[in-house]
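Remember, predicted model here, so these are calculated numbers, not experimental data.
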Amino acid sequence: MLPAPFNFECIVCGICCQWGGWVCLYPEDVPRLADFFHLTPQETADRYTRHIAAEFANDQSVSIVPYLALKNVGDRCIFLEADGRCAVHPAKPIHCAESPLLAEFLLDKEGWKAFSGLCPGLGRGPLVSARAMRAAMRRQSKRDLQYEADLAACDWSLARLLNLVLPEPELIPDLGLELDESAEA
Ligand code: SF4
Ligand code: SF4
């Protein structure tokens, strides 16, 4: 079930950029970040990302999906400035631009509880309606399906999909998210 409609306005405090998780990139994030830094995609991947293999498990199956994820420095995203601002704000990853309208918050009760306990932007700004939440869930689902289809067409090789040289991926065990996907409809 989606959370009740809520008011939200990001006050750019950076709290959600320093909680030890990771930001996974979609393929289109890489050239955007590369252009921002005037680097090649390979240099961008080498400097700022790590290659992970994320495990997703449910009662029936376990799947492993490779991603490029932003590096952290301690618990902080590598792009988080000392004053809480994002160093790549105009080119930030889709995941960050869509936050908090993400399945890991809106479709996971524990995720939403954790986010709403730390984000000072909740309760301010315009109302986020159930319709806006459902639209965001559909966008994310479409992006994820396209990503998986593109990976499958490359034999699940992220290096081949991105045309990059990547190190062996680091396995990230299943986080036990319990997404209520019926709420997407
Ligand atoms: S914690 Fe909330 S207000 Fe702070 S940067 Fe993240 S989304 Fe914005
Ligand atoms: S890219 Fe920017 S918005 Fe995204 S987690 Fe890093 S500092 Fe935060």
Side-chain angles (χ1 to χ4, degrees), residues 1-10 16-17 19-33 45 49-70 77 86 88-89 91-116 118-119 121-122 125-162 164 166 169 171-185:
M1 202 167 98
L2 292 167
F6 56 91
N7 292 80
F8 173 71
E9 180 177 37
C10 180
C16 64
C17 311
W19 64 352
W22 64 90
V23 173
C24 291
L25 304 182
Y26 288 101
E28 55 268 48
D29 288 320
V30 179
R32 191 175 56 259
L33 286 167
T49 74
R50 57 191 181 134
H51 186 195
I52 65 169
E55 182 183 76
F56 297 95
N58 61 31
D59 293 344
Q60 285 85 40
S61 63
V62 176
S63 56
I64 305 276
V65 183
Y67 293 97
L68 278 190
L70 294 183
C77 171
C86 171
V88 296
H89 180 71
K92 65 166 64 166
I94 291 168
H95 186 94
C96 304
E98 289 279 349
S99 184
L101 302 186
L102 299 169
E104 51 265 51
F105 297 141
L106 300 186
L107 301 184
D108 179 65
K109 264 193 209 155
E110 291 305 313
W112 183 247
K113 200 167 139 192
F115 181 79
S116 47
L118 64 78
C119 174
L122 287 171
L127 188 72
V128 180
S129 65
R131 186 176 176 173
M133 288 186 248
R134 283 196 297 272
M137 294 303 88
R138 283 194 294 275
R139 284 196 299 278
Q140 185 172 0
S141 175
K142 194 171 162 196
R143 273 194 309 272
D144 289 343
L145 287 173
Q146 184 63 56
Y147 182 58
E148 293 187 14
D150 291 345
L151 274 170
C154 294
D155 294 327
W156 293 89
S157 164
L158 185 57
R160 198 186 302 172
L161 175 62
L162 299 178
L164 297 174
L166 299 177
L171 182 67
I172 305 291
D174 179 62
L175 294 179
L177 297 184
E178 293 191 11
L179 301 187
D180 175 12
E181 292 179 7
S182 63
E184 285 180 39

Hey, does [Y] have a side-chain heavy atom less than 4.5 Å from the side chain of [X]?
X      : Y      : result
Arg139 : Glu98  : yes
Ile172 : Trp22  : yes
Cys96  : Val23  : yes
Val128 : Asn7   : no
Leu68  : Leu166 : yes
Phe6   : Leu127 : no
Leu158 : His51  : yes
Phe8   : Pro126 : no

To the nearest 0.5 Å, what is the distance between [atom1] ([X]) and [atom2] ([Y])?
X      : Y     : atom1 : atom2 : answer
Ser99  : Lys92 : OG    : NZ    : 8.5 Å
Ser61  : Phe56 : OG    : CZ    : 11.5 Å
Arg143 : Ile94 : CZ    : CD1   : 5.5 Å
Glu28  : Leu33 : CD    : CG    : 11.0 Å
Arg50  : Leu70 : CZ    : CG    : 9.5 Å
Thr49  : Asp29 : OG1   : CG    : 11.0 Å

On a heavy-atom basis, which atom in [X] and which in [Y] lie closest, and how many Å separate them?
X      : Y      : result
Leu2   : Ala130 : CD1-O, 4.2 Å
Gly111 : Phe105 : O-CD2, 3.7 Å
Ala136 : Leu101 : CB-CB, 3.6 Å

Kindly indicate, with the supporting measurements, whether the criterion side chain to side chain contact (heavy atoms under 4.5 Å, CB included) is fulfilled by His95 and Leu102. CA-CA 8 Å; His95 186 94; Leu102 299 169; 3.6 Å; yes
Where does the angle between the aromatic ring planes of Tyr147 and Tyr67 fall among parallel (under 30°), tilted (30 to 60°) and perpendicular (over 60°)? parallel
Run the side chain to side chain contact (heavy atoms under 4.5 Å, CB included) check on Leu107 and Trp112 step by step: do they pass? CA-CA 8 Å; Leu107 301 184; Trp112 183 247; over 6 Å; no
Apply side chain to side chain contact (heavy atoms under 4.5 Å, CB included) to Tyr26 and Gln146, showing your working. CA-CA 10 Å; Tyr26 288 101; Gln146 184 63 56; over 6 Å; no
Can you check side chain to side chain contact (heavy atoms under 4.5 Å, CB included) on Leu171 and Ile52, steps first, answer last? CA-CA 6 Å; Leu171 182 67; Ile52 65 169; over 6 Å; no
